[in-house]
Structure formats: structure tokens, C-alpha cells
Amino acid sequence: MRMGVLDVGSNTVRLVIAETDGSVPLPLHTAKRRLRLSRYVDRGGELPTEQVERLAAAVEDARREAARWGVRRPFAFATAIVRDAPNRQEVLREVEVRTGVPLHVLPGEVDAELTFLAARRWMGWRAGPMAMLDIGGGCFEVAFGRTRLPDLALSLPLGAGHLTREYFHDQDPPSQERIKALRRHVRHQLRDVAARIRWESPRTTVATSRVFQQLARLCGAAPGREGPFAPRAMTRSDLRRAVDRLAALPAAERSSLPGISPARAASSLAGAIVAHTSMKLMDIDEVTVCPWGLREGILLRCAEEGSTDWWDEAFPSAAPVAGPAPAPARTPSPAQPRLLHPVGPVGNHPLLS
């Protein structure tokens, strides 16, 4: 079965077309449009009208591209850049009106669960008890589990783009005082979940996302041209040195470093600080970098179940095409999205209560 996933992230709108007849999604075609939405949101997180129009145009392009590849209805979702926007309902409605594509707001906990599924399938059972770390533009997902499903899945507001806007927006490069303030904030946010991960003592820790991939390249991992099967890992000591290299340079010069793209140069320092601080607090000496992530997790879920019904059940359309806007009192708070677990229960841990 040929399927497509349309991912609206902080920097890009990405379409992936894959065959899912077997147990492994085989990629056929990818296309992306770089919007860099995170550069244009204000400090409150609102998306300006002109950026919503650019987003709708990119989604329409992706819809047409998917149709050319035989996918009538891709799985379309938006992560923190839209989920946490105060005007997210207006954004979702405008995109659906202009394109006919209902964008689903993906709760961070669901993001963590599906990404964990992808990492587990990539690593295999040899990984044993496994922790998963995923730094995005708006959030930082953490999961732990011993089987296909995570026992713990959390999303924290520690995304690289979000923290760059909060702490480094008026300093380039930032002062040591700002860097120390960011570290203190990250430590405070991670205190409880780090204690849980230390207690679980995972055999393997897997890192996903472009943030970790670029940091691993900066630390000496194989370049992307060697393909997804090249082993890639990153040690905490190497990452500490990478933090110092990034902190010494203004954002415009960081893209000259190995692995750091111009689109992510500004947020690379905040991402590195989150990565290093989390590894230190969780007592993790090394992470294995996994090329699979959320998009592959969605495709795997469909392949393993042989059905796409779970998507409609878990994510009813969040943006009615016609009719008045939802009353503000009924709109979920962006900071506390509705908790959904389409791949199974997370478990009754006090951190999730």
C-alpha cells in the first residue's frame, strides 16, 4: 500500500511517500519546502497572517505532489509550531479552507510514542530497555520502554527554536550569563524525568531528529552522504566540546561548522545545550543516532495494523471548513494539549498524572 505523510514543522513542510506493504516502510519520494516559520513567530508564538498564507501554499503544493505519486490523502499533521500558537485554530481553518487538507495537531506525548515506535523498530530488540530523546523546534520529547510501546512518554517545552527566542533573541553570540540561565532552566524542567530515566538505567539511548543528527555530525559522525545505515553515535564529552564551539560563534558563522545547516544555525546552540544537559542529568554517556522518527512511526503504525482507521479515530479534524470559529472557552490550551495515546497506554506513572 502506498502512503504519504505530510509533516508541518518549525522549519520545513516535508512530504514522504512510501510503500508499506511489508513490515518496513520503503521510501519512494520525499519533497520539502523550507518555510522557517519559527523565524517569524513573535515571542508569544503567534503565526502572522502572511506566514499562514505561505504555509497554506506549501501544503497545497505537497497535496498536488502526493496526488502525482498516487496518494490521494496523506497523513497531515502539525507539531509544536502550530500546536502552541495562540491562533492555531485560525491557522488550521485557513489551511483546510485553502487546500482541503485537514491538518491534525499532534500532541507532544503522541509524538513521543510514535517516534519511540520508529526508534524501537530501527534498533531492534537487541537495544533492550531503551530511552529515546527527540529535540524539535518547539518541544523536547522523552520516552522509555522495554517493548514496542513506551512505558513513559513526555513532551517538554524545551525545543531548540523556542529556547533560542526566549534566551538568545537579543544577543549573538549570547553571553555566558544567558547560557548559564538556559542551563538552569533546562535542568529545572528535566529534574523529574531525568530521575526516572536514571532509575530505569536504559541499556540503549537513541536520539532522533535533525537537531541530534547535525550535532552528531559536528561531533565527528559519518556525513549524510554515507546513507542511513552508517552507524552514528555521539558521546557526552564530544557534545560538551561542541557546545563550546557553537557558543563562541555568532549564528551566521555556525553554518561553516560540519553538519550545521544555515537554516538551523541560530538554534543549534540551544539544541546542543538541551542535548548535553539532558545526557548529563540522565547519566547517559553516549547516544545512538537513529534516522527514523515521527514520520516513520506513523507509517509503521499503519503497516503493522494493516489499517488507517486509528488515524481518524485518534485525530478527528481539528479545523471545520465552514461555520463560525470555535468559542474560545472550548479551545484546548496550547500548553496542555489533549492527551491521546494511539499506540497504547503509557502507564500510570506519577509524572503523567
Side-chain angles (χ1 to χ4, degrees), residues 5 7 16 18-20 22-27 30 108-136 139-155 193-194 196-217 219-224 226-236 238-239 259 271 274-276 278-279 282-305 341-347:
V5 176
D7 175 1
V16 175
E19 293 285 1
T20 58
S23 59
V24 177
L26 300 176
T30 62
E109 292 80 4
V110 177
D111 186 326
E113 291 173 347
L114 291 168
T115 303
F116 182 91
L117 172 64
R120 169 63 79 187
R121 290 295 183 248
W122 180 269
M123 296 298 294
W125 296 113
R126 66 183 175 85
M130 189 181 81
M132 186 280 300
L133 309 178
D134 179 1
I135 301 173
C139 290
F140 176 33
E141 276 75 49
V142 180
F144 171 84
R146 294 173 174 80
T147 62
R148 169 180 175 264
L149 307 180
D151 303 311
L152 171 72
L154 290 175
S155 180
V193 67
R196 170 72 184 270
I197 297 298
R198 288 197 308 271
W199 183 79
E200 295 286 3
S201 298
R203 175 188 173 122
T204 305
T205 301
V206 179
T208 72
S209 77
R210 290 292 293 167
V211 172
F212 272 112
Q213 290 169 9
Q214 293 195 3
L215 291 174
R217 177 70 187 113
C219 291
E226 295 190 15
F229 298 107
R232 294 177 174 89
M234 178 172 61
T235 66
R236 192 171 79 208
D238 285 342
L239 182 54
V274 173
H276 179 263
S278 63
M279 290 178 69
M282 297 175 189
D283 198 22
I284 296 168
D285 293 326
E286 181 178 272
V287 296
T288 299
V289 180
C290 173
W292 277 3
L294 175 58
R295 293 182 292 271
E296 289 78 13
I298 292 172
L299 294 171
L300 282 163
R301 174 74 194 274
C302 294
E304 293 181 1
E305 291 206 355
H341 299 296
V343 297
V346 169

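Any value given below was found using the heavy atoms of this structure, including those in side chains, with hydrogens, waters and symmetry copies removed. We're numbering straight along the sequence, starting at 1. Because the structure is a prediction, the values reported are computed rather than measured.
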Seminar exercise, completed: For L299 and P25, the nearest pair of non-hydrogen atoms, with its separation, is CB-CB, 3.9 Å
Problem set entry | Intermediate values then yes/no, salt bridge (Lys or Arg N to Asp or Glu O under 4.0 Å), R148 and E304 | CA-CA 11 Å; R148 169 180 175 264; E304 293 181 1; 2.9 Å; yes
For this session: Using atom types as modelled and distance alone, determine if a side-chain donor or acceptor of T208 lies under 3.5 Å from a backbone N or O of D134.
Result: no
Seminar exercise, completed: Output for pair (F212 CZ, C219 SG), nearest 0.5 Å, gives 10.5 Å
Exercise. Going from CG on D111 to CG on L154, what distance comes out if it is rounded to the nearest 0.5 angstrom?
Worked result: 12.0 Å
Exercise. Which pair of heavy atoms, one from E109 and one from A153, lies closest together, and at what distance?
Worked result: CG-O, 3.8 Å
Exercise. Is any side-chain N of the basic residue among E200 and R146 closer than 4.0 Å to the acidic one's carboxylate O?
Worked result: yes
For this session: Ignoring hydrogens and angles, tell me if any N or O in the side chain of Q214 forms a donor-acceptor pair with the backbone of V211 under 3.5 Å.
Result: no
Exercise. Are S155 and E141 linked by a side-chain donor-acceptor pair shorter than 3.5 Å?
Worked result: yes
Exercise. Just checking, any donor-acceptor pair under 3.5 angstrom between side chains of R210 and Q213?
Worked result: yes
For this session: May I have the step-by-step check of side-chain contact (heavy atoms from CB on, under 4.5 Å) for D283 and R236, ending in yes or no?
Result: CA-CA 9 Å; D283 198 22; R236 192 171 79 208; 4.2 Å; yes
Problem set entry | Minimum heavy-atom distance L152-R196, with the two atoms named | CD2-CG, 3.7 Å
Problem set entry | Distance (rounded to the nearest 0.5 Å) between L239 CG and D285 CG | 12.5 Å
Exercise. If you measure from CG on L117 to CG on L294, what distance do you get to the nearest 0.5 Å?
Worked result: 10.5 Å
Exercise. Side chains of M282 and L133: does their closest heavy-atom pair fall under 4.5 Å?
Worked result: yes
For this session: Measure the NE2-CG distance between H276 and D238 for me, rounded to the nearest 0.5 Å.
Result: 10.5 Å
Problem set entry | Contact summary for F144 and I197, nearest pair of heavy atoms | CB-CD1, 3.8 Å
For this session: Identify the heavy atoms of V206 and M123 that sit nearest to each other, and give their distance.
Result: CG2-CG, 3.6 Å
Problem set entry | Where W292 and R121 come nearest, the two heavy atoms and their spacing | CZ3-CB, 4.0 Å
For this session: For the residue pair M132 and R120, establish whether any side-chain heavy-atom pair is separated by less than 4.5 Å.
Result: no
Exercise. How many angstroms lie between CE in M130 and OG1 in T147, if you round to the nearest 0.5 Å?
Worked result: 10.0 Å
